[in-house]
There are 2 protein chains.
Amino acid sequence: MESDNVVRALGALAQEHRLALFRLLVQAGPDGLAAGAIAEALGVPASSLSFHLAQLTNAGLIAQRRDGRSLIYSADYGAMTALLGFLMENCCGGAVCAPAAPCDTRDKTERTAA
Amino acid sequence: MESDNVVRALGALAQEHRLALFRLLVQAGPDGLAAGAIAEALGVPASSLSFHLAQLTNAGLIAQRRDGRSLIYSADYGAMTALLGFLMENCCGGAVCAPAAPCDTRDKTERTAA
DNA sequence: ACGCCATTTCGATAATCATCGAAATATCTG
DNA sequence: CAGATATTTCGATGATTATCGAAATGGCGT
């Protein structure tokens with residue numbers, strides 16, 4: 001991950017609503033959540049939420065897919081792993097001191113198959 | 001680390017100059033660097049740098065100490081570890097998937113003694 | 001005390017960000 | 001196609017952020 005992307009990712013997470021939103025999506029897993037469900041969970045007006053979703057999407061931290069008239073958002077575990085990897089790579093003068101793979105990035109289907 | 005502190009820490013790192021600054025201090029180690037040396041290394045005017053140093057200090061990511069007429073800044077490894085810990089704790093529905101101790105947080109004296 | 005040096009604070013300016021209602025877009029159903 | 005639902009885009013507003021020169025502060029040497 002490039003330094004520029006890292007700044008954007010950190011900036012996207014550096015906001016109360018968006019941090020809560022991202023954590024919500026992470027906990028929701030690969031199935032994700034519809035925008036409406038997120039708005040309700042966070043108690044944020046739809047238009048405000050849309051703004052925050054756009055920020056996280058632009059930062060590459062979440063993905064969007066359509067299901068009927070709902071738009072489903074889900075966390076991009078790979079991006080999160082890359083971000084953590086960058087922060088850790090650069091914490092001790094270039095030495096990596098901990099594995100940069102915090103999550104099982106496979107989705108439910110893959111885990112079941114494995 | 002509380003969610004509020006996390007937002008502040010992420011916000012502090014979500015800026016090109018400050019991310020470079022923090023990485024510089026991390027690489028410099030516990031001895032830290034004087035404000036002037038940092039300004040020169042980053043090519044940022046003194047007054048701008050002072051603003052960024054204040055942001056990082058306020059976020060608890062760096063510490064300040066005086067040496068003569070110089071102010072020496074150094075990375076707070078504990079804060080960085082706590083931040084990484086928070087991000088990892090909260091990435092998989094509460095399960096910690098990787099050790100949250102990326103760095104040897106002891107200073108030179110302690111390492112030598114060990 | 002005086003001048004020097006390192007750094008911060010002040011003040012002004014331009015830019016970006018957060019918020020949210022109203023209107024527009026896209027999809028489904030009948 | 002018309003109506004209902006889910007979500008985004010637009011537009012306006014207030015708040016925060018980044019920048020940097022000039023002036024103020026704090027510590028040092030003489």
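Order of the sequence lines sets the chain letters (A, B, ...), proteins ahead of strands, with each chain counted from 1.
Atoms OG1 and CE, on B/Thr81 and B/Met88 in that order, are 9.0 Å from each other to the nearest 0.5 Å. One finds the CG atom of A/Leu87 at 9.5 Å from the CZ atom of B/Arg23 (value rounded to the nearest 0.5 Å). With values rounded to the nearest 0.5 angstrom, A/Leu19 atom CG is found 11.0 Å from A/Leu24 atom CG.
Put simply, A/Leu21 and A/Leu71 are part of the same group of oily side chains (I, L, V, M, F, W, Y) that touch within less than 4.5 Å, one to the next. No continuous path of hydrophobic side-chain contacts links A/Leu42 to A/Ile72 [ILVMFWY only; heavy atoms under 4.5 Å]. There is a path of hydrophobic side-chain contacts, each under 4.5 Å, that joins B/Leu13 to A/Val7.
Side chain of B/Gln15 to main chain of B/His17: a donor-acceptor pair is present (N/O by atom type, distance under 3.5 Å, no hydrogens or angles). In this structure, B/Asp76 contributes its side chain and B/Ala79 its backbone to a donor-acceptor pair below 3.5 Å.
Axis angle across the helix from C/dA1-D/dT30 to C/dG30-D/dC1, with five pairs used at each end and values rounded to 10°: 20°.
Between the CZ atom of A/Arg8 and the P atom of C/dT16 there is a distance of 14 Å, given to the nearest Å. Counting to the nearest Å, the P atom of D/dA18 and the CG atom of B/Leu13 are 12 Å from each other. Here the P atom of nucleotide C/dT7 and the CG atom of B/Leu33 are 11 Å apart, to the nearest Å. Note: CG (A/Leu21) to P (C/dT19) measures 12 Å, nearest angstrom. A/Arg66 has its CZ atom 8 Å from the C1' atom of D/dT7, to the nearest Å. Rounded to a whole Å, the CG atom of A/Asp67 is 18 Å from the P atom of D/dT5. Atom CZ of A/Arg65 is separated from atom P of C/dT27 by 16 Å (rounded to the nearest Å).
Taking only side-chain atoms of B/Gln64, from C-beta outward, the nucleotide of C/dT8, D/dT8, D/dG29 with the closest atom is C/dT8. For B/Leu71, whose side chain is taken as the heavy atoms from C-beta onward, the closest listed nucleotide among D/dT8, C/dT8, C/dC4 is C/dT8. Residue A/Gln15 has its side chain nearest to C/dA18 when only C/dA18, D/dG26, C/dT29 are considered. Side-chain proximity of A/Leu53 to the nucleotides C/dT8, D/dT8, C/dA26 is greatest for D/dT8.
If you find the closest nucleotide of DNA chain C to A/His17 and to B/Arg69, the one lying nearer the 5' end belongs to B/Arg69.
Contacts between residues 38-51 of chain B and DNA chain D, defined by a heavy-atom separation under 4.0 Å, are made by B/Pro45, B/Ser47, B/Ser48, B/Phe51.
The shortest distance between side-chain heavy atoms of A/Leu83 and A/Leu10 falls below 4.5 Å.
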Please tabulate, for the side chains in residues 51-66 of chain A, all donor-acceptor contacts under 3.5 angstrom to protein atoms that are two or more places apart in sequence or on a different chain.
unit_1  : atom_1 : unit_2  : atom_2 : d
A/His52 : ND1    : A/Arg18 : NH1    : 3.0
A/Thr57 : OG1    : A/Leu53 : O      : 2.8
A/Gln64 : NE2    : A/Tyr73 : OH     : 2.8
A/Arg65 : NH2    : A/Asp31 : O      : 2.9
A/Arg66 : NH1    : A/Gly68 : O      : 3.2

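Using a 4.0 Å heavy-atom distance criterion, A/Ala34 is classed as a sugar-phosphate-only contact.
Contact between the side-chain N/O atoms of A/His52 and the OP1/OP2 oxygens of C/dC17 is not found at any separation under 4.0 Å. Of the side-chain N and O atoms in B/Tyr73, one or more sit less than 4.0 angstrom from OP1 or OP2 of C/dT8. Of the side-chain N and O atoms in A/Arg18, one or more sit less than 4.0 angstrom from OP1 or OP2 of C/dA18.
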